[in-house]
Colleague: 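Quick one: this structure, given as structure tokens, is what I'll be asking you about.
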Amino acid sequence: MSSATALAHPNIALIKYWGKRDEGANLPAVGSLSVTLDALRTRTTVSFEADLARDELVLNGETAAAEQTRLARCLDALRQLAGSREFARVHSDNDFPTGAGLASSASGYAALTVAGAMALGLDPADARLEAVARIGSGSAPRSLYGGFVLLENTASGTRCKPLLAPAEWPLNVVVAVTTEAGKATSSRDGMVDSERTSPYYAPWVETHPADLARARTLLAARDFDGLADLAEHNCLKMHAVMLTTQPPLLYWLPVTLACMQVITELRRQGVPVFYTIDAGPQVKAVCLPEAADAVAEALGAVPGVLRLITGQLGEGARIVDADA
Ligand code: 2P0
């Protein structure tokens, strides 16, 4: 038996991924730019065992049959790289709500990929692992790296570029948790529906490269106000596509909108903060460190906010234990 344990953090995109150019290979239609969060964590142990008849996953203490196909495809890709035929037992735990718009699939598949690679004797820093993680989740390759991470489309696949380490532009993120429940429509299904049915899907894809290019310029200049305007605009464009999908993807709750309005008012008063929202009702407020207390106080007072998770930018996925 050979086994390894990895930690990974979720990431949130400031310039979002929504839509696929190849569903089978899980290739995104657009690039994306994310920040890795240190306050949320997935811990995953992968053990390859000669006597297993199939891969097995226990997620947050329960057998997760729904993930079986994606899990096995990811592990197949690792086995192919390593020339192995053994199946794996996987134990994965999140210290935050799973499948609720907090990017648990990104941290989950990043941790699985790194732990599985290490257990099979592969280099956990091998760039080929990006493609393995992407099989599990299109946003997972970004969680292999820390700080600000660009995911670019290439001719045949995707490639990640870490742009800034956490210390190079220290930002804080305050997550307003508005529900602990999982979402009704997965991102994977929702994206495919959007491409088929939203009249705003084509303009979303067409205008996306300009947003990504501008974000890189703003990042290089550490232009917080510029990034705030752009990230909110890109987020709202994605939600416009979601809302106009048939059937509609309305991921927001009333409390989501209340948080957005509170953040908009804070920024109008000069507090350096902006919001971003993914495929779920949670609100992520990104701010300069000096604003974190004021942002937490304001969001904590919004009726319907269950709790806040406050943190900084985090590191990439990493091995914490190995027994090969
Ligand atoms: C993102 N999201 O860029 C966007 C914004 C959600 C909204 O990437 O189908 O779980 O497994 O590749 O990565 C969530 O989608 O989707 C996501 P699949 P994934 O963070």
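Side chains are part of it too, since the values below use all heavy atoms of this structure and drop only hydrogens, waters and symmetry mates.
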Colleague: Determine yes or no for a side-chain-to-main-chain donor-acceptor pair under 3.5 angstrom, with Asp123 supplying the side chain and Ala125 the backbone.
Modeller: yes
Colleague: Please check if any side-chain donor atom of Tyr145 sits under 3.5 Å from a side-chain acceptor atom of Glu130, or the reverse.
Modeller: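 Yes.
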Colleague: If only side-chain N and O atoms count, and only distance matters, is there a donor-acceptor pair under 3.5 Å linking Lys16 with Ser34?
Modeller: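 There is no such pair (donor and acceptor under 3.5 Å, judged by atom type) between the side chains of Ser34 and Lys16.
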Colleague: For the backbone of Val58 and the side chain of His91, can you confirm whether one donor and one acceptor N or O come within less than 3.5 Å of each other?
Modeller: no
Colleague: Would Thr197 and Thr245 count as having a side-chain donor-acceptor pair, cut-off 3.5 Å?
Modeller: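 There is no such pair (donor and acceptor under 3.5 Å, judged by atom type) between the side chains of Thr197 and Thr245.
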Colleague: Are there more than 12 heavy atoms of other residues, nucleotides or ligands under 6.0 Å from atom CD of Glu49?
Modeller: yes
Colleague: Between Arg267 and Val273, is there a donor-acceptor pair closer than 3.5 Å when you use the side chain of the first and the backbone of the second?
Modeller: yes
Colleague: Going by distance alone, is a donor N or O of one side chain under 3.5 Å from an acceptor N or O of the other, for Thr42 and Asn94?
Modeller: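 Per modelled atom types, Thr42 and Asn94 side chains form a pair under 3.5 Å.
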Colleague: Taking Glu56 for its side chain and Ala88 for its backbone only, find out whether a donor-acceptor pair lies under 3.5 Å.
Modeller: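 Looks like no, no N/O pair under 3.5 Å.
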Colleague: Do Asn153 and Arg21 pair up side chain to side chain, a donor and an acceptor below 3.5 Å, judged on atom types alone?
Modeller: yes
Colleague: Is the closest side-chain heavy-atom distance between Leu171 and Phe224 below 4.5 Å?
Modeller: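 A side-chain contact exists here, since the closest heavy-atom pair is under 4.5 Å.
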Colleague: Between Glu152 and Arg216, is the closest basic N to carboxylate O distance under 4.0 Å?
Modeller: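 Yes, charged N to carboxylate O under 4.0 Å.
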Colleague: Between the side chains of Ser32 and Arg142, does any donor sit under 3.5 Å from an acceptor?
Modeller: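 Looking only at side-chain atoms, Arg142 and Ser32 do form a donor-acceptor pair, the distance falling under 3.5 Å.
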Colleague: Side chains of Arg214 and His233 only: does a donor on one sit below 3.5 Å from an acceptor on the other?
Modeller: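 No pair is found: no donor N or O on one side chain lies under 3.5 Å from an acceptor on the other.
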Colleague: Between Arg89 and Asp55, does any side-chain N to carboxylate O distance fall below 4.0 Å?
Modeller: no
Colleague: Have Gln261 and Glu265 got a donor and an acceptor in their side chains that come within less than 3.5 Å?
Modeller: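 Their side chains do not contain a donor-acceptor pair, so the 3.5 Å distance test is not met.
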Colleague: Between Thr98 and Asn60, do the side chains contain a donor N or O and an acceptor N or O under 3.5 Å apart?
Modeller: yes
Colleague: For Arg134, does its backbone N or O pair with a side-chain atom of Asn26 as donor and acceptor, under 3.5 Å?
Modeller: yes
Colleague: Is the count of non-hydrogen atoms from other residues, nucleotides or ligands lying under 6.0 Å from Glu62 atom CD greater than 12?
Modeller: no
Colleague: Can you tell me if Tyr251 uses its side chain to pair, donor with acceptor, with the backbone of Thr185 under 3.5 Å?
Modeller: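 Such a contact is found between Tyr251 side chain and Thr185 backbone.
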Colleague: Using modelled atom types and a 3.5 Å cut-off, is there a donor and acceptor pairing between side-chain atoms of His9 and backbone atoms of Gly314?
Modeller: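 Pair absent, no side-chain N/O of His9 close to backbone of Gly314.
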Colleague: Assign the ring pair His239 / Trp252 to parallel, tilted or perpendicular, where the plane angle (0 to 90°) is split at 30° and 60°.
Modeller: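 If you compare the ring of His239 with that of Trp252, the planes turn out tilted.
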